[in-house]
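Only this structure's heavy atoms are used, side chains among them; waters, hydrogens and symmetry mates stay out. The sequence lines fix the lettering, A, B, ..., with proteins before strands; numbering per chain opens at 1.
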Amino acid sequence: MKKFQLLFTAVIAVALMASCGNAGKDKAASNEKAKTITGAGATFPQPFYNKIFKSYTKEKGLLVTYGGIGSGGGIRSLKDKIVDFGASDAFLNDKKLADMPGEVLHVPTCLGAVVAAYNLPGKPELKFTPELMEGVFMGKITNWSDAKIAAVNPDVKLPDMEITVVYRSDGSGTTFIFSDYMSKVSAEWKEKIGAGKALKWPVGIGAKGNPGVAGTISQTEGAIGYIGSEYAFAMGIPVASIQNKAGNFIHPSVESVSASAKGEMPADTRVSLTNTDAVDGYPISSFTWLILYKEQNYNDRSADQAAQTIKLIEWVVSPEAQKETTKVHYAPLPEAAVAKAKAVLNKVTYNGKALK
Amino acid sequence: MNSEKIFKYLLVGSGILMVLIALGIVATLFVGSIPSFKEFGFGFLFSTEWDPTEGRETYGALPFIIGTLLTSILALIITFPFAFSISLFLGEYFKNGALPSFLRSVVDLLAGIPSVVYGLWGFYALKPLVAELGLNAQGFGIFTSSVILAIMIIPYASSLGAEVISMVPGSLKEAAYSLGATRFEVVKNVIVPNAGSGIFAGYILALGRAIGETMAVTMLIGNSNNMPSGIFDLGNTMASLIANQFGEAEGLKYTSLIEIGLILFVITGIVNYIGKLIMKKLSA
């Protein structure tokens, strides 16, 4: 028994020593060279990030890892100070910014959109006004043969078929962008449903992820749902043109999504692009952001770690990385947005001193 | 210190560790759900409102408790005739031979298939069939999920049953035959009363599995957070709701989901406890 206790004590002691040893190493790390840069967050831009971080690792020899754990998880990870940067599809509002332990900066990296995809016999090309979107997604228009749909689409022969709305069952930035748009164009939507990553849906079927929604739509005749444009473009799913604020019906494409960002942009880049003023812009578009602390000395990070993080993010908005966006069906940042992003990065400090 | 003692301590140690882990899980769930409990109290259990809209957030667990119980109990009812037949077939009628061993492997294989594969099959084969039969418009819903669950839990419900049926003493059966009993009468009057508690234990195991199943259900139930109006309506279960919503949840929603996890844990515990009680009664 005695010996056993001795063994047990020894094991505990070794474990304690090991953990102390670790803590000691962290302290000494402030002068160390960065080995890996870690980020986590939004799944929506993940194909883009995976692609460019992989080539960055290959070219610069610095390992960049990105965990697609969702925007909420990305914000939490940054709040817990366990990542070098987070990523989010929705910018942090003033309340959330105040909740963070330090000042947080937003850097836009690319643009995406949310499209209305549907399954109708003959794959007709449909046009939607904001009023039609409201009617269909709130369950007020329940049949494809409804006169209101026909009025906007006079050239299309619409079947007498029940409309099945398909939405995201999981919390998602895609749902946020979609509902943010709907809240802007429909007072009733804003009042009854609102904007958020998950909603209380009056009608329809919930499916998990873009693949789930796309799969359910393709399996269900008469279905309509919203999915991330990058997914819809890659899969070639039929999507609706949507009437923007200027009154033009805009088909979602890399060009029309990029065009939505033409307007004025605040210095901190926190701007919602839905229902854009741009005459040729697709109205359900959005930036996606990387988020990081303005003061980079936290959690015993080294100066080099901070410098490498900024170098990486600078590279993300560089032409070299931006030209990769369209290959994975996102839209590149317009030049004005790149300039704003660089200005944001210039504010970053380490121990209060500017990094650049 | 001899090896005998070391072995004993290892056993005791792992036993205690298991208990600690179980208690740790309960404690984590409990602490995590305190904020939600403070906000909603016991009303959480009976509220049908699940509204995540910022500014008027309200969460209630009733639609998901009902969804979980409906899908799993319906699954158990659907699976019963099949599982019982398989148990009898393998445990009594054909114990050895090529066909029974083939059947046994197939049933075991069912237990090994990942639930997402069941979900895919349900999505592409079962759902269109349900829609075709006109049971509901799109083929999604509680009934479809129950059918998939029923197939998934057959191995759990049947294996244990086959095992205990084959262990019914031959002398008892022979005695019944010698009194002129037919095979059906032997099954009815000797085997079922003798093996009852074991067969029942299999069903409790199966029910526990059905209650906790997540992926296949998520893909088929329609994920509607409103109260289901019947077994052909859309719905959602506790496990499926947590899997869907936890990733992006924060604040009140986060803790409400943890409370749902706690309720799921408690319901599973209750089911197991009731199972044990009935088993005791049957075997006494």
Undergrad: Output the option from A:Gly204, A:Gly173, A:Gly70 having the highest count of non-hydrogen pairs under 4.5 Å with chain B.
TA: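 Winner by heavy-atom pair count: A:Gly70.
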Undergrad: Run B:Glu248 and A:Ser172 through side-chain contact (heavy atoms from CB on, under 4.5 Å) and show every step you take.
TA: CA-CA 7 Å; B:Glu248 292 280 351; A:Ser172 154; 5.7 Å; no
Undergrad: To the nearest 0.5 angstrom, please state how far the CZ atom of A:Arg168 sits from the CD atom of B:Gln245.
TA: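 So the CZ of A:Arg168 and the CD of B:Gln245 are separated by 11.0 Å.
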Undergrad: I'd like to know whether NZ of A:Lys190 has more than 12 heavy-atom contacts from other residues, nucleotides or ligands below 6.0 angstrom.
TA: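 Not more than 12 within 6.0 Å, no.
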Undergrad: Which bit of B:Ala249 comes within less than 4.5 Å of chain A, counting heavy atoms only: side chain, backbone, both or neither?
TA: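 When you check distances to chain A, only backbone atoms of B:Ala249 fall under 4.5 Å.
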Undergrad: Enter the distance from A:Trp201:CH2 to B:Asn225:CG here, rounded to the nearest 0.5 Å.
TA: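 Those atoms lie 12.0 Å apart.
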Undergrad: Do other residues, nucleotides or ligands put more than 12 heavy atoms under 6.0 Å from B:Phe82 CZ?
TA: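 It does not: B:Phe82 CZ has 12 such atoms or fewer within range.
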Undergrad: Quick check for you: among A:Thr220, A:Thr216, A:Val203, which has the greatest number of heavy-atom pairs under 4.5 Å with chain B?
TA: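 Highest number of pairs under 4.5 Å: A:Thr216.
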Undergrad: What part of A:Ile193 lies closer than 4.5 angstrom to a heavy atom of chain B: side chain, backbone, both or neither?
TA: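 Answer is backbone: N, CA, C or O of A:Ile193 sit under 4.5 Å from chain B.
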Undergrad: May I ask you to list the residues in residues 158-165 of chain A that approach chain B closer than 4.5 angstrom, counting heavy atoms only, ordered by number?
TA: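 Within residues 158-165 of chain A, the residues under 4.5 Å from chain B are A:Glu162, A:Thr164.
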Undergrad: What part of A:Lys96 is in contact with chain B, defined as an atom under 4.5 angstrom from a non-hydrogen atom: side chain, backbone, both or neither?
TA: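 Looking at A:Lys96, just its side chain touches chain B.
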Undergrad: By a 4.5 Å heavy-atom criterion (distance strictly below it), what part of B:Tyr124 contacts chain A: side chain, backbone, both, or neither?
TA: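 The answer is both parts of B:Tyr124.
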Undergrad: Which one of A:Gly194, A:Gly212, A:Gly215 has the most heavy-atom pairs closer than 4.5 Å to chain B?
TA: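 With the most close heavy-atom pairs to chain B, the winner is A:Gly215.
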Undergrad: Does NZ belonging to A:Lys81 count more than 12 external heavy atoms closer than 6.0 Å?
TA: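 Atom NZ in A:Lys81 is crowded, with more than 12 foreign heavy atoms closer than 6.0 Å.
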Undergrad: Which atom pair, heavy atoms only, marks the closest approach of B:Pro52 to A:Ala198?
TA: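 Looks like CG-O, 3.3 Å.
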Undergrad: Need one label for B:Asp51: side chain, backbone, both or neither, based on atoms under 4.5 Å from any heavy atom in chain A.
TA: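 It is both, since atoms from each part get that close.
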Undergrad: Go through A:Gly73, A:Gly171, A:Gly72 and name the one with the most non-hydrogen pairs under 4.5 angstrom from chain B.
TA: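 Result: the option with the highest number of such pairs is A:Gly171.
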Undergrad: Less than 4.5 Å apart, side chain to side chain, heavy atoms only: is that true for B:Arg56 and A:Lys200?
TA: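 SC-SC contact between B:Arg56 and A:Lys200 ruled out.
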Undergrad: Begin from the C-alpha positions of B:Glu54 and A:Asn93 and carry the test side-chain contact (heavy atoms from CB on, under 4.5 Å) through to its verdict.
TA: CA-CA 12 Å; B:Glu54 230 175 299; A:Asn93 59 23; 4.2 Å; yes
Undergrad: Considering only heavy atoms, which portion of A:Ala207 lies under 4.5 Å from any heavy atom of chain B: side chain, backbone, both, or neither?
TA: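 Contact with chain B is through the backbone of A:Ala207 alone.
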Undergrad: Please report the closest heavy-atom contact between A:Ser169 and B:Asn244, naming both atoms and the distance.
TA: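 Heavy atoms only, the tightest pair is OG-OD1, 2.7 Å.
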